[in-house]
A.B. asks: 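If you scroll down you'll find the structure; I have some questions about it.
All of these numbers come straight from a predicted model, not from anything done at the bench. Every heavy atom of this structure was used, including side-chain atoms; hydrogens, water molecules and symmetry mates were not.
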Amino acid sequence: MARVDVVMPKMGESVMEGTVLEWKKQVGDVVAPDETLLEISTDKVDSEVPAPSGGRLVEILVQEGDTVDVGTPIAVIETDVDAPVAAGGGAEGPDDEAAAPTEEVSEAAPTEAPAEQEVQPAEAVPTEAARGADELPTSEGMATSGSALGNRVEVVMPKMGESVMEGTVLSWAKAVGDEVEQDETLLEISTDKVDSEVPSPAAGVLVEILVPEGETVEVGTPIAVIASGAEAAAAPAPSAPAPAAEPAPRPAPGGDGAPHAAPVEAAAPVGAGEAGPIPRRSESGRFYSPLVRAIAEKEGLSLQELEDIRGSGAEGRVTKQDVFAYLEGRRARPAARPAPAPERPAAPPAGPQMPQALPRTPRPAPAAQAGGDRVEVVEMDRMRQLIAEHMRRSKDTSAHVTSFTEVDMTGIVRHRERHKDAFQQREGVKLTFTPYFVLAAIEPLRAHPWLNSSVEGTRILVKKDFHIGIAVAVGTKGLLVPVVRDAGQMNLTGLAHTVADLAERARTKQLLPDELQGGTFTITNVGSLGSLMGTPVINQPQVAILSPGAIVKRPVVVEDPEIGDVIAVRHMMYVSLSYDHRIIDGAMAASFLAAYRAQLEQITAESQLF
């Protein structure tokens, strides 16, 4: 007889808590292994949690509607189904705690397989018409099936990483009626971390587009149908791709029809509208996550109130923090009082009076009108909006300070010049300066571990692995920061291959979202773009970012042990380090930069780094 704790499972790297939506079993019920025990909700998805073992449910520790951190015990299962259940929900018996030690059980949800290292084709799933009568879809069929039965194949929203549960269709590369080859780009999707091109899972004709551009759907949702054979011959003629779903602008509270330009919490009356079930997507096209809907329904918020909240999430989505902030503001506001009646004006003096026009407050002209035809209004694309939010949040979070040093790069320049041609012939990739910058950072980070950490409240989380982010410019659209994992275990050859692969896939939209997170320290090579130096913004939740500048020839004073000080032409480079002054002081930053400079300057043309 043993008692097994059921814990709140982790549903992805970025999910730290979950809400109990509904218990499918009650205290005293017998459960089988992997039988659905309860349903939980995160800010991305609703999921059923299976029982980690068979037995009898003897205790429920978290009630429906409660939100707890990942790893928190939420129930207890007694593996001996014959054990009587006490009135309080526990199993009766003589000193159960001493008689039977508690088993250690991992998370209740099955562990997901690690993400693939390259973008996979969209999942191919047989349509209902192609399935036999005895081949009904299972709960896993939409996510795991990779073969088609019959002549029609459903394309589903692919899973782009463990923590990504939904995606947005950005654009269709093919229209209904177009022929597609297997692995040919079918559409482009967007997640909250990266944009990716989705290849076709099969060859044939695109006969149906189920999700138009601009729509956001969960992973596994059918988004298109591809037909082959006789069904492809009967496909409709090519047509334009499905139009983007453009939600109509919501009128401002004043009723003038203008879209909202500021949060409406201050103007919205408390309790406006009728509370009730919140739809997943409103009539205006706005998406609400399962967690936001659960909080709104629990707090009695109406759909109208949710519509009036300005969202801080991707593409203006309302997050749980936005809802909590709105609720705090609503509680703080006094109840609305009727406006006092205006005082009756004094009687005008006798005699004819000139009519007086009521004063009008001038309305500011829109930017496009203020500048006339010489102003172009450009809406930020999704990548720029994400970068803007990330940079603003970083400045709000960390106390930024930047320190500088100067490095003599002559030895590294000579080493690269001597080996770059043979290296490219042997390895098939170019030998750039970035792998040198990553290699030289490892030992200084070992000696200064707080620079390889993050801050969580009043705790400093020091990371033992060195996952180095490298900033990659994606044309003129912005920057992506893919992560070189376990960089401390690679030599220059391994780093060159990894950096080249990540940079190429970043520019061609082939990165997985999981490859953009988990970094512990970032290097942004502003010198590759011609900048002499830079003061970069920290990549949260990290605490430091290193920025090598341009390598330029300059006359400098060189100390020669035989002839003394001489002026020589050397390859020089400035290096800057932006760091979080909450935990890193100037002395530590200066010590790190001195160690980094020594690592770079000790490399000569004869150094064995491969």
A.B. asks: Under the side chain to side chain donor-acceptor pair (under 3.5 Å) rule, collect the residues that match up with Thr498, sequence neighbours excluded.
C.D. replies: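 Once residues adjacent in sequence are excluded, Thr498 has no partner under the side chain to side chain donor-acceptor pair (under 3.5 Å) criterion.
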
A.B. asks: What residues form a side chain to side chain donor-acceptor pair (under 3.5 Å) with Ser591, not counting sequence neighbours?
C.D. replies: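 His448.
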
A.B. asks: I'd like to check the ring pair (Phe, Tyr, Trp, His ring centres under 6.0 Å) partners of Phe437; sequence neighbours left out, ordered by chain and number.
C.D. replies: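 If we apply the ring pair (Phe, Tyr, Trp, His ring centres under 6.0 Å) test to Phe437, skipping adjacent residues, there are no hits.
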
A.B. asks: Could you check whether any side-chain heavy atom of Leu546 comes within less than 4.5 Å of a side-chain heavy atom of Leu593, counting everything from C-beta outward?
C.D. replies: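 Leu546 reaches Leu593 side chain to side chain.
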
A.B. asks: Just verifying a value: how many Å separate Ser41 OG and Ile295 CD1, rounded to the nearest 0.5 Å?
C.D. replies: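 Reported to 0.5 Å precision, the distance equals 8.5 Å.
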
A.B. asks: Is it true that Arg485 and Glu515 make a salt bridge, defined as a side-chain N closer than 4.0 Å to a carboxylate O?
C.D. replies: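 Answer for the salt bridge query: no.
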
A.B. asks: Please name all residues satisfying ring pair (Phe, Tyr, Trp, His ring centres under 6.0 Å) with Phe404, sequence neighbours left out, ordered by chain then number.
C.D. replies: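 For Phe404, no residue satisfies ring pair (Phe, Tyr, Trp, His ring centres under 6.0 Å) once neighbours in sequence are set aside.
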
A.B. asks: Once you round to the nearest 0.5 Å, how far does CG of Leu495 lie from CD1 of Ile468?
C.D. replies: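 Taking CG in Leu495 and CD1 in Ile468, the distance rounds to 9.5 Å.
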
A.B. asks: Partners of Leu479 by side-chain contact (heavy atoms from CB on, under 4.5 Å), sequence neighbours excluded?
C.D. replies: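 side-chain contact (heavy atoms from CB on, under 4.5 Å) list for Leu479, sorted by chain: Ala473.
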
A.B. asks: Under the side-chain contact (heavy atoms from CB on, under 4.5 Å) rule, collect the residues that match up with Val537, sequence neighbours excluded.
C.D. replies: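 Only Met391, Ser394, Lys395, His400 meet the side-chain contact (heavy atoms from CB on, under 4.5 Å) criterion with Val537.
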
A.B. asks: Just jot down the salt bridge (charged side-chain N to carboxylate O under 4.0 Å, His left out) partners of Glu389, sequence neighbours excluded, or say none.
C.D. replies: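 Partners of Glu389 under the salt bridge (charged side-chain N to carboxylate O under 4.0 Å, His left out) test: Arg392.
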
A.B. asks: Name all residues meeting the side-chain contact (heavy atoms from CB on, under 4.5 Å) criterion together with Thr520; count only those two or more places apart in sequence or in a different chain, and write none if there are none.
C.D. replies: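 Counting only residues at least two positions away or on another chain, Thr520 forms a side-chain contact (heavy atoms from CB on, under 4.5 Å) with Asn452, Lys463, His467.
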
A.B. asks: Are Asp408 and Arg597 packed together at the side-chain level, in the sense that at least one heavy-atom pair is separated by less than 4.5 angstrom?
C.D. replies: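 The answer is no, as the side chains (C-beta and beyond) never meet within the 4.5 Å cut-off.
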
A.B. asks: Distance only, no hydrogens: is a donor on one side chain within 3.5 Å (strictly under) of an acceptor on the other, for Thr216 and Thr168?
C.D. replies: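 On atom types as modelled, these side chains qualify, holding a pair under 3.5 Å.
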
A.B. asks: Could you check whether Tyr596 and Thr405, counting side-chain N and O atoms only, form a donor-acceptor pair closer than 3.5 Å?
C.D. replies: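 Not at all, the side chains of Thr405 and Tyr596 share no donor-acceptor pair under 3.5 Å.
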
A.B. asks: Is there a side-chain contact between Leu577 and Ser547, using heavy atoms and a 4.5 Å cut-off?
C.D. replies: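 Side-chain contact under 4.5 Å: no.
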
A.B. asks: Okay, side chain of Asp585, backbone of Ala587: is any donor-acceptor separation there less than 3.5 Å?
C.D. replies: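 Not a single qualifying donor-acceptor pair exists.
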
A.B. asks: Taking salt bridge (Lys or Arg N to Asp or Glu O under 4.0 Å) as the cut-off, I'd like each qualifying pair that reaches into residues 432-443, sequence neighbours left out, listed once.
C.D. replies: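 For residues 432-443: Glu443-Arg446.
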
A.B. asks: Between CG of Leu609 and CG of Leu439, what distance do you get to the nearest 0.5 Å?
C.D. replies: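 Reported value, rounded in 0.5 Å steps: 6.0 Å.
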
A.B. asks: Nearest 0.5 Å please: distance from the CG atom of Leu186 over to the CD atom of Glu197.
C.D. replies: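 Answer for the CG-CD pair, Leu186 versus Glu197, is 11.0 Å.
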
A.B. asks: State, with a plain yes or no, whether a side-chain heavy atom of Glu64 is found less than 4.5 Å away from one of Leu21.
C.D. replies: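 Answer no - side chains too far apart.
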
A.B. asks: Working to the nearest 0.5 Å, report the span between OG of Ser171 and CD of Glu188.
C.D. replies: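 Interatomic distance, Ser171 OG to Glu188 CD, rounded to 0.5 Å: 4.5 Å.
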
A.B. asks: Determine which pairs satisfy ring pair (Phe, Tyr, Trp, His ring centres under 6.0 Å) with at least one residue from residues 487-514, sequence neighbours left out, and list them in order.
C.D. replies: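 Found none.
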
A.B. asks: Does the gap between the ring centers of Phe592 and Tyr579 come in under 6.0 Å?
C.D. replies: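 Phe592 vs Tyr579: aromatic centres not under 6.0 Å.
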
A.B. asks: Return the set of residues passing side-chain contact (heavy atoms from CB on, under 4.5 Å) with Thr397 (not counting sequence neighbours), or none when no residue passes.
C.D. replies: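 So Thr397 forms a side-chain contact (heavy atoms from CB on, under 4.5 Å) with Arg393, Gln540, Arg582.
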
A.B. asks: Checking Arg416 now: which residues fulfil side chain to side chain donor-acceptor pair (under 3.5 Å) with it, not counting sequence neighbours?
C.D. replies: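 If we apply the side chain to side chain donor-acceptor pair (under 3.5 Å) test to Arg416, skipping adjacent residues, there are no hits.
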
A.B. asks: Are side-chain N/O atoms of Gln510 and Ser196 paired as donor and acceptor at under 3.5 Å?
C.D. replies: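 Absent: no donor and acceptor within the cut-off.
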
A.B. asks: Within this structure, what is the CD1-CG distance for the pair Ile545 and Asp580, rounded to the nearest 0.5 Å?
C.D. replies: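 Taking CD1 in Ile545 and CG in Asp580, the distance rounds to 12.5 Å.
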
A.B. asks: Hey, are Thr402 and Ser576 close enough side-chain-wise for a donor-acceptor pair under 3.5 Å?
C.D. replies: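 On atom types as modelled, these side chains do not qualify, holding no pair under 3.5 Å.
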
